[in-house]
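Throughout, protein chains are lettered first and strands after them, A, B, ... in sequence-line order, and every chain is numbered starting at 1.
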2 protein chains.
Amino acid sequence: MNEIASMLAEAGLRPTRQRTAVAEALARSGRPVTAQALHARLTRSRPGPGLATVYRTVQALAEAGLARTFPAGDGELAYKLCDPGHHHHLICEGCGLVIEIPSCEVEPWAARAARRRGFALSSHQAEVFGLCADCSGQARGRRSAARA
Amino acid sequence: MNEIASMLAEAGLRPTRQRTAVAEALARSGRPVTAQALHARLTRSRPGPGLATVYRTVQALAEAGLARTFPAGDGELAYKLCDPGHHHHLICEGCGLVIEIPSCEVEPWAARAARRRGFALSSHQAEVFGLCADCSGQARGRRSAARA
DNA sequence: CCCTAGTCGAGAATGATTATCATTTCAATT
DNA sequence: AATTGAAATGATAATCATTCTCGACTAGGG
Ligand SMILES: [Mn+2]
Ligand SMILES: [Mn+2]
Ligand SMILES: [Zn+2]
Ligand SMILES: [Zn+2]
């Protein structure tokens with residue numbers, strides 16, 4: 001039983017062939033993917049899990065805390081395997097790369113903001129957007145080329 | 001020309017009867033509302049703007065920076081009139097109340113996180129969740145009553 | 001008043017997500 | 001190895017928020 005399969009088992013999800021395929025594809029991608037895209041990728045060549053199963057699996061992973069959701073394109077939801085436990089994200093607007101920021105330095109601010117307004121703090125959420133090294137490198141390259 | 005109408009005009013949107021009605025309803029609500037809910041509210045008794053117009057208007061307001069979007073329920077989008085300019089939100093999980101946090105104390109953290117990983121910072125986003133005074137008061141009251 | 005770009009809105013179309021439900025697979029037990 | 005009740009799957013239909021279409025209507029400058 002490989003890495004992914006045991007991860008599913010620990011979360012109380014039977015590591016079926018289909019679920020394992022979905023979770024593996026998700027892990028292989030490393031960045032948020034929609035259920036639709038995942039299904040397309042899994043059935044392009046070989047026959048793969050049905051669309052309904054892909055939806056059920058990514059939702060189960062999210063409920064188990066093994067995946068997070070990201071708003072994609074229009075109103076769609078993209079999923080990405082994530083470390084359980086509190087952390088934030090650094091997201092590249094160029095290529096969609098997502099990097100986890102494990103240490104939370106936002107908590108004190110959140111607590112202060114809540115207390116100051118009579119709120120009982122429950123949680124907070126924060127994301128940083130930018131261009132990863134590769135993407136900003138390309139942009140810089142393109143700009144130089146145009147100038148030359 | 002009232003408050004709302006001139007706000008629309010300044011944003012380059014003709015203050016038609018329909019758009020004004022939508023923006024006024026949005027302002028009256030004070031908390032995020034979906035286009036559907038807004039349309040229902042506007043047409044319950046009197047005849048109001050068409051559904052397509054409600055969608056067009058809230059989207060225009062968002063593009064103009066006069067409204068922000070909040071993920072609602074499942075994958076739907078809710079809109080709320082917001083101050084233009086950078087700020088964060090304190091959101092009550094009980095009643096949906098949204099309070100703006102104008103001063104940004106998150107910027108330094110975002111800049112540091114981005115730089116440390118070779119990202120060119122572009123923006124950041126942060127929200128605090130909890131229970132407003134009213135909602136946590138009710139919860140406390142209910143608990144005491146049960147105990148008594 | 002006239003004209004034209006901008007708006008409206010009723011209804012059809014789109015497309016992601018969810019629900020059905022008959023069939024298959026799991027995994028634990030005889 | 002055979003049995004079995006529960007969980008999972010998937011082809012298909014159903015939902016339902018959002019977007020499109022396009023003919024009719026308006027605002028508002030000249
Ligand atoms: Mn993560
Ligand atoms: Mn706001
Ligand atoms: Zn990138
Ligand atoms: Zn509240």
Is there a side-chain contact between A/Arg19 and the phosphate of D/dA8, meaning an N or O under 4.0 Å from OP1 or OP2?
yes
Whole-Å gap separating P (D/dC16) and NE2 (B/His39)
17 Å
What is the separation between atom CG on B/Leu38 and atom P on C/dG9, rounded to the nearest whole Å?
14 Å
Distance, rounded to the nearest Å, where B/Arg14 contributes CZ and D/dT26 contributes C1'
7 Å
Take the protein atom CG of A/Leu13 and the nucleotide atom P of D/dA7, then report the distance between them rounded to whole Å.
13 Å
Does B/Gln18 make a side-chain N or O approach to OP1 or OP2 of C/dT7 shorter than 4.0 Å?
no
What's the shortest heavy-atom distance between A/Cys95 and A/Cys92, and which atoms?
N-SG, 3.4 Å
Hey, what do you get for CG (A/Leu61) to CG (A/Leu66), rounding to the nearest 0.5 Å?
6.0 Å
Residue pairs meeting side chain to side chain donor-acceptor pair (under 3.5 Å), one or both in residues 24-40 of chain B, sequence neighbours left out, come to B/Gln36-B/Tyr55
CD of A/Gln125 to NE2 of A/His88, rounded to nearest 0.5 Å, is 8.0 Å
Both A/Thr53 and B/Arg17 contact DNA chain D. Taking the nearest nucleotide for each, which residue is further toward the 5' end?
A/Thr53
Check whether any side-chain heavy atom of B/Leu97 lies under 4.5 Å from a side-chain heavy atom of A/Phe119, and answer yes or no.
yes
Nearest 0.5 Å please: distance from the CD1 atom of A/Ile91 over to the CZ atom of A/Phe70.
5.5 Å
Polar atoms only, N or O, under 3.5 Å: list the protein pairs with nucleotides 17-21 of chain D and their distances.
unit_1	atom_1	unit_2	atom_2	d
D/dT18	OP2	B/Tyr55	OH	2.3
D/dT18	O5'	B/Tyr55	OH	3.1
D/dT19	OP2	B/Gln59	NE2	2.6

